[in-house]
> 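Sharing a structure here in structure tokens format.
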There are 2 protein chains.
Amino acid sequence: MASQLNTSIPTRPQGGKNSTAEKLLIAASELMIERASIEVSLSDIAQKSGVNAALVKYHFGNKDGLLLALLARDAATEMSGLEYLISQPISPTAKLKLHIGGIIRAYYQFPYMNRLIHYLLHESSTEAADEVSKFFVAPLLEFQRRLLAEGIKAGEFRNIDPVMFYTSLVGACDHLFFGRHAMSRATGVGPVTDEVCREYIKHMEALICGGMLNGKEKGAAAG
Amino acid sequence: MASQLNTSIPTRPQGGKNSTAEKLLIAASELMIERASIEVSLSDIAQKSGVNAALVKYHFGNKDGLLLALLARDAATEMSGLEYLISQPISPTAKLKLHIGGIIRAYYQFPYMNRLIHYLLHESSTEAADEVSKFFVAPLLEFQRRLLAEGIKAGEFRNIDPVMFYTSLVGACDHLFFGRHAMSRATGVGPVTDEVCREYIKHMEALICGGMLNGKEKGAAAG
């Protein structure tokens, strides 16, 4: 069952960027990418980074603290990308499509991100899950709220509930990565390659924008 | 991290329905519903069912075996519902809408089903995950393949890849239940009630069928 680790969220050392902490995060992310798994030990991370294992404990408290700091680092990059996107002089529909591609590409480029989110939200401590909600779920939902309001105001989107929109878009993107492994076992579906990723972006853009019915059925569906 | 339990999938005792095994499954599902959690012990299940704890081991091997048998029982009910649905004299679009509602209602009525699937696919043994793929993922994908082919043939659906369709629909439905807990923490989103469930069904029907763009943008989106 889900292990309830007794984790306390470490406060980051004050004074801006910390090169030792950064080195550790870089080593952790590289190991996770190499192994295609978030199962890396603190001693592996210490060894790869050339940092004394005791310093891992000093900077992050424990392994969950390090995993949380790694996700926070990557989330910060993604969230600043969202700010940039919303400020662009393009239509809400064009922003929506770029956003869909952005979510899927982020999961693809950082395969450990999806697994980290699931682990921290569901298998680690309540405090870690709260942190992930605060720096990942809440800003993403807020971005989508603004984008939907913009599109509705411009007359491009129909009225759609932001929480339900968030749930279906994030769930659908997440499932390409989280659900794929299970599908590949019994159903002959292959792994997520570059091409699958590109095809899924096209699929999701078309589905979210226009649904799957041919024109003649659309009137009935909207009713 | 995910615990790799050393599970062997038990073969069911031969000779049709087994009332002791059924009693245990009923007790397990009732306990999970009462507690809104899949964290129930074998001794709790034995006590509630009035069956000797040694018989749990005899019938299911271990706890993962019992969880797998429980999911298999519920999956069998759902899969026979799919057979019934596909044979109905209604349009593919009407079947699709009933199917969307069916997935969301099944998760809502058996809240432990979603958690069981995640646990067995990702936190238990490879053998258990393979079994779930075989009796849950594969038949659901096969049903959707048939439904999509029917709708494309009838001219109601555009050409859509069944594996991508499965991924986005199941992911979006799953996330209402799996992702909600995380959202409620930091974002003030409430729990999944009867009303939320009904609203999400309407949302998903409209999104999957017609997307979210207003008419004037649809032509551009399809191109």
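What you see is a predicted model, and the numbers here were worked out from it, not measured in a lab. Quick note: numbers below take in every heavy atom, side chains included, and nothing from hydrogens, waters or symmetry partners. To find a chain, count down the sequence lines: A is the first, B the second, and so on, and within it residues start at 1.
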> Charged N to carboxylate O below 4.0 Å: is that the case for B:Arg35 and B:Asp44?
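So B:Arg35 pairs with B:Asp44 through a salt bridge.
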> Contact part of B:Leu169 toward chain A, heavy-atom cut-off under 4.5 Å: side chain, backbone, both or neither?
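Neither the backbone nor the side chain of B:Leu169 comes within 4.5 Å of chain A.
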> Measure distances from A:Ile117 to the heavy atoms of chain B and classify the residue's part below 4.5 Å as side chain, backbone, both or neither.
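A:Ile117 has no heavy atom closer than 4.5 Å to chain B.
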> Does any heavy atom of chain B fall under 4.5 Å from the side chain of A:Leu148, the backbone, both, or neither of them?
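The side chain, not the backbone.
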> Can you tell which part of B:Leu207 gets under 4.5 Å to a heavy atom of chain A, answering side chain, backbone, both or neither?
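Both the backbone and the side chain of B:Leu207 come within 4.5 Å of chain A.
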> Which atom pairs, one a donor and one an acceptor, fall under 3.5 Å between side chains of residues 196-203 of chain B and the rest of the protein, sequence neighbours left out?
from: B:Tyr200; atom 1: OH; to: A:Ser168; atom 2: N; distance (Å): 3.3
from: B:Tyr200; atom 1: OH; to: B:Ala172; atom 2: O; distance (Å): 2.8
from: B:His203; atom 1: NE2; to: A:Met164; atom 2: O; distance (Å): 3.2
from: B:His203; atom 1: NE2; to: A:Ser168; atom 2: OG; distance (Å): 2.8

> Considering only NZ, NE, NH1 and NH2 on the basic side and carboxylate oxygens on the acidic side, decide whether B:Arg73 and B:Glu78 come within less than 4.0 Å.
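Salt bridge between B:Arg73 and B:Glu78, a charged N being under 4.0 Å from a carboxylate O: no.
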> Is there a side-chain contact between A:Asp194 and A:Tyr108 in this structure, where contact means two heavy atoms from C-beta onward sitting under 4.5 Å apart?
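They are in side-chain contact.
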> Tell me which of these, A:Ile208, A:Ile160, A:Asp161, has more heavy-atom pairs under 4.5 Å with chain B than the rest.
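The residue among A:Ile208, A:Ile160, A:Asp161 with the greatest pair count is A:Ile208.
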> Examine whether an atom of A:Phe165 lies under 4.5 Å from a heavy atom of chain B, and if so say whether it belongs to the side chain, the backbone or both; otherwise answer neither.
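Both the backbone and the side chain of A:Phe165 come within 4.5 Å of chain B.
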> Salt-bridge test for B:Arg145 and B:Glu150: reply yes if a basic N is under 4.0 Å from a carboxylate O, no otherwise.
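Result for this pair is no, no salt bridge flagged.
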